[in-house]
Amino acid sequence: MLKTPTQNNVKIYVKYLPLIGLLSSIILLVYFFCIERVNYDIGWGILYCMMPFLIYSVTSLIIKKKKT
């Protein structure tokens, strides 16, 4: 299938995918609640901000499960 350098790059990508999602979620939380001062339903705002972390984590788990 994939050659060794490409497999190594994919492993690194999958490894850091949840961390990238967490970082982008934190940036969104800071933007919405510190810079924009969002005053409406806080639960929906937090859920919206955590979507990158959730999606990237699930994607990472699916890719890891397919490899095994």
Side-chain angles (χ1 to χ4, degrees):
M1 272 193 152
L2 297 175
K3 298 189 189 275
T4 305
T6 307
Q7 282 179 329
N8 195 20
N9 290 340
V10 170
K11 285 180 186 178
I12 292 171
Y13 172 73
V14 170
K15 179 181 175 183
Y16 288 114
L17 200 56
L19 295 174
I20 293 168
L22 183 63
L23 181 66
S24 61
S25 292
I26 291 171
I27 291 170
L28 274 174
L29 283 167
V30 168
Y31 175 72
F32 273 2
F33 295 109
C34 296
I35 297 173
E36 288 292 323
R37 306 269 185 210
V38 176
N39 293 329
Y40 58 89
D41 194 9
I42 292 177
W44 287 110
I46 291 174
L47 183 65
Y48 178 76
C49 290
M50 293 307 293
M51 285 296 286
F53 175 68
L54 296 173
I55 300 256
Y56 287 174
S57 295
V58 169
T59 304
S60 175
L61 290 173
I62 291 171
I63 292 172
K64 285 180 182 178
K65 187 172 182 175
K66 277 187 177 181
K67 286 183 141 186
T68 59

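Small disclaimer: the values here were computed from a predicted structure and weren't measured. Any value given below was found using the heavy atoms of this structure, including those in side chains, with hydrogens, waters and symmetry copies removed.
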Taking only residues two or more places apart in sequence, or in another chain, which ones meet F32 in a ring pair (Phe, Tyr, Trp, His ring centres under 6.0 Å)? Y48

Side chain to side chain donor-acceptor pair (under 3.5 Å): pairs with one or both residues in residues 52-62, sequence neighbours excluded: none

Quick one: side-chain hydrogen bond (donor to acceptor under 3.5 Å, both in side chains) partners of Y31, sequence neighbours excluded? E36

Counting only pairs under 3.5 Å, give me each side-chain donor-acceptor contact of residues 9-21, with atom names and distances, residues two or more places apart or in other chains.
| from | atom 1 | to | atom 2 | distance (Å) |
| --- | --- | --- | --- | --- |
| N9 | ND2 | P5 | O | 3.4 |

Separation between CG (L28) and CE (M51), nearest 0.5 Å, reads 11.5 Å

Would you check if the side chain of S25 reaches a backbone N or O of F53 as a donor-acceptor pair within less than 3.5 Å? yes

Report the residues that fulfil side-chain contact (heavy atoms from CB on, under 4.5 Å) with I42, sequence neighbours left out, ordered by chain and then residue number. F33, I46

Using the test side-chain contact (heavy atoms from CB on, under 4.5 Å), find all partners of L23 that sit at least two apart in sequence or belong to another chain. I27

Please check if V38 and I26 belong to a single hydrophobic cluster, counting links between Ile, Leu, Val, Met, Phe, Trp and Tyr side chain heavy atoms closer than 4.5 Å. yes

